[in-house]
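Contents: one structure, followed by commentary.
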Amino acid sequence: MKYTKEEMDRVADKIVVLLTVKEEMRIGKIAKILIHQGFVESSYEADKVLKYRKDLFISPKIGIWRLLETE
């Protein structure tokens, strides 16, 4: 499925909320929550949003994502 920039930003905002509650999460867990809530249809799409918003998210370890710390 192809998303508009607004839809990708909406999904990214939801991921920010998830990562604010839990400091880091695996891509599978993020995708599972987003799929259950109807934001995306697959883990590939969730990963695509994470990589689209490199200004917000960082993956210090393979498959584990966290918010980029801005100061």
Side-chain angles (χ1 to χ4, degrees):
M1 181 174 179
K2 192 167 187 169
Y3 292 99
T4 64
K5 289 184 180 189
E6 293 81 21
E7 290 171 326
M8 289 182 82
D9 288 338
R10 186 173 56 97
V11 173
D13 290 341
K14 180 61 180 173
I15 295 171
V16 167
V17 171
L18 292 173
L19 292 177
T20 301
V21 174
K22 290 202 151 223
E23 292 182 10
E24 61 182 29
M25 295 178 77
R26 292 193 173 276
I27 181 62
K29 183 67 173 177
I30 294 170
K32 186 176 181 179
I33 292 169
L34 294 175
I35 291 168
H36 180 70
Q37 294 180 350
F39 283 94
V40 296
E41 295 179 6
S42 70
S43 60
Y44 172 77
E45 293 171 357
D47 189 55
K48 188 175 172 182
V49 172
L50 286 163
K51 291 177 181 173
Y52 163 72
R53 292 302 306 262
K54 291 187 181 205
D55 60 324
L56 291 176
F57 310 112
I58 188 169
S59 179
K61 300 175 192 168
I62 295 177
I64 297 177
W65 290 87
R66 63 176 43 194
L67 290 174
L68 185 66
E69 295 180 21
T70 56
E71 302 207 17

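Because the structure is a prediction, the values reported are computed rather than measured. No hydrogens, no waters, no symmetry mates; every other heavy atom, side chains included, goes into these values.
Considering CD1 of Ile15 and CD1 of Ile30, their distance stands at 6.0 Å, rounded to 0.5 Å. Interatomic distance, OG1 of Thr4 versus CZ of Arg10, reported as 8.5 Å (0.5 Å rounding). Once rounded to the nearest 0.5 Å, the distance linking CG of Leu67 with CD1 of Ile58 reads 10.5 Å.
In this structure, Asp55 and Leu68 have side chains that are not in contact, with every pair of non-hydrogen atoms separated by 4.5 Å or more. Residues Lys48 and Val40 form no side-chain contact, since every pair of their non-hydrogen atoms from C-beta on lies 4.5 Å or further apart. Contact check for Trp65 versus Lys29: no side-chain heavy atoms found under the 4.5 Å cut-off. Annotation: side chain of Asp9 is not in contact with side chain of Tyr3 (no heavy-atom distance under 4.5 Å).
Here the closest non-hydrogen pair linking Met8 and Val49 is O-CG1, 3.7 Å. Taking every heavy atom of both residues into account, Arg66 and Glu23 meet most closely at CB-O, 3.3 Å. Smallest separation of non-hydrogen atoms from Ala46 and Leu34: CB-CD1, 4.1 Å. The shortest heavy-atom contact between Phe57 and Ala12 is CZ-O, 3.6 Å.
Between the side chain of Glu45 and the main chain of Glu41, a donor-acceptor pair closer than 3.5 Å is present.
Tracing side-chain contacts under 4.5 Å through hydrophobic residues (I, L, V, M, F, W, Y), one never reaches Tyr44 starting from Leu18; they form parts of separate clusters. The same ILVMFWY cluster, assembled from side-chain heavy atoms under 4.5 Å apart, contains both Leu19 and Val16.
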